[in-house]
Amino acid sequence: QVQPVESGGGLVQAGDSLRLSCAASGRTFSTQAMGWFRQAPGKQREFVAAINWSGGSTNYAGSVKGRFTISRRNAKNTVYLQMNSLKPEDTAIYYCASGRTYEAVPALAGYDYWGQGTQVTVPS
């Protein structure tokens with residue numbers, strides 16, 4: 001069982017960068033994929049990025065590919081989401097989640113333990 005806790009959200013201007021962190025407790029962290037998701041007001045939660053157990057395989061939503069980078073440090077039980085060239089449409093609550101398996105599945109159903117989320121706001 002892995003319990004994620006997100007941090008690093010905030011208010012930034014369009015074009016700025018932000019790095020989110022997800023600290024995950026639990027002794028199985030290094031064997032599980034991790035994912036980032038987001039939910040904007042009035043919209044469904046959507047996939048953003050995922051990374052497999054070793055960090056050797058990643059998946060990105062088309063809307064963030066080339067701007068966001070997911071990474072992990074298993075020795076620190078932490079996953080990161082580096083977000084560059086932020087846009088107003090990136091405004092959302094960002095959630096970290098631990099995967100049901102070791103694969104970087106690009107879908108909500110592939111994850112079972114979720115954090116409380118961290119707010120990212122990019123004014124237009």
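As a basis for the values below, the full set of heavy atoms in this structure was taken, side chains included, without hydrogen atoms, waters or symmetry mates.
When all heavy atoms of A109 and R100 are compared, the pair lying nearest together is O-NE, 2.8 Å. For the pair S57 and A104, the tightest heavy-atom approach, listed with the atom from each and the gap, is O-CB, 4.0 Å. Taking both residues in full, the closest heavy atoms of A92 and A40 are given as CB-N, 3.8 Å, listed atom of the first, atom of the second, then distance. Among all heavy-atom pairs drawn from P88 and A14, the shortest one is CD-CB, 4.3 Å. For the residue pair S17 and N84, the shortest heavy atom distance occurs at OG-OD1, 2.9 Å. Counting all heavy atoms, side chain and backbone alike, T58 lies closest to I51 at CG2-CG1, 3.8 Å.
The salt bridge (charged side-chain N to carboxylate O under 4.0 Å, His left out) contacts involving residues 59-74 comprise R67-D90, where partners must be two or more places apart or lie in separate chains.
A 4.5 Å side-chain heavy-atom check between Y95 and L108 finds every atom pair outside the cut-off. Residues F29 and S98 fail the side-chain proximity criterion, which asks for heavy atoms closer than 4.5 Å. For the pair R38/S63, a side-chain contact is recorded, criterion being any heavy-atom separation below 4.5 Å from C-beta on. Under the 4.5 Å side-chain criterion, counting only non-hydrogen atoms from C-beta, V48 is not in contact with M83. Side-chain contact check for T118 versus Y94: some heavy-atom pair is nearer than 4.5 Å. Residues N77 and S25 fail the side-chain proximity criterion, which asks for heavy atoms closer than 4.5 Å.
Distance check, rounded to the nearest 0.5 Å: SG of C96 to CD of Q116 gives 12.0 Å. Atoms CD and CE, from Q32 and M34 in turn, are 8.0 Å apart once rounded to the nearest 0.5 Å. Distance CH2/W53 to OG/S30: 8.0 Å, rounded to 0.5 Å.
The aromatic rings of W114 and F37 sit tilted relative to each other, their planes meeting at an angle between 30° and 60°.
The side-chain hydrogen bond (donor to acceptor under 3.5 Å, both in side chains) search around E6 returns none, not counting sequence neighbours.
The only option from L18, L81, I93 that meets the side chain to side chain contact (heavy atoms under 4.5 Å, CB included) definition with V120 turns out to be L18.
A ring-centre distance under 6.0 Å is not found for F68 and W36.
Formation of a donor-acceptor pair under 3.5 Å by the Y111 side chain with backbone atoms of V105 is found in this model.
A chain of hydrophobic side-chain contacts below 4.5 Å, direct or via other Ile, Leu, Val, Met, Phe, Trp or Tyr residues, connects V12 to V64.
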Take Q119 and L11 through the test side-chain contact (heavy atoms from CB on, under 4.5 Å) and record every step on the way to the result.
-> CA-CA 8 Å; Q119 177 72 48; L11 173 66; over 6 Å; no
Evaluate the criterion side-chain contact (heavy atoms from CB on, under 4.5 Å) for residue pair I70 and Y60; output intermediate values, then yes/no.
-> CA-CA 9 Å; I70 189 171; Y60 295 95; 3.4 Å; yes
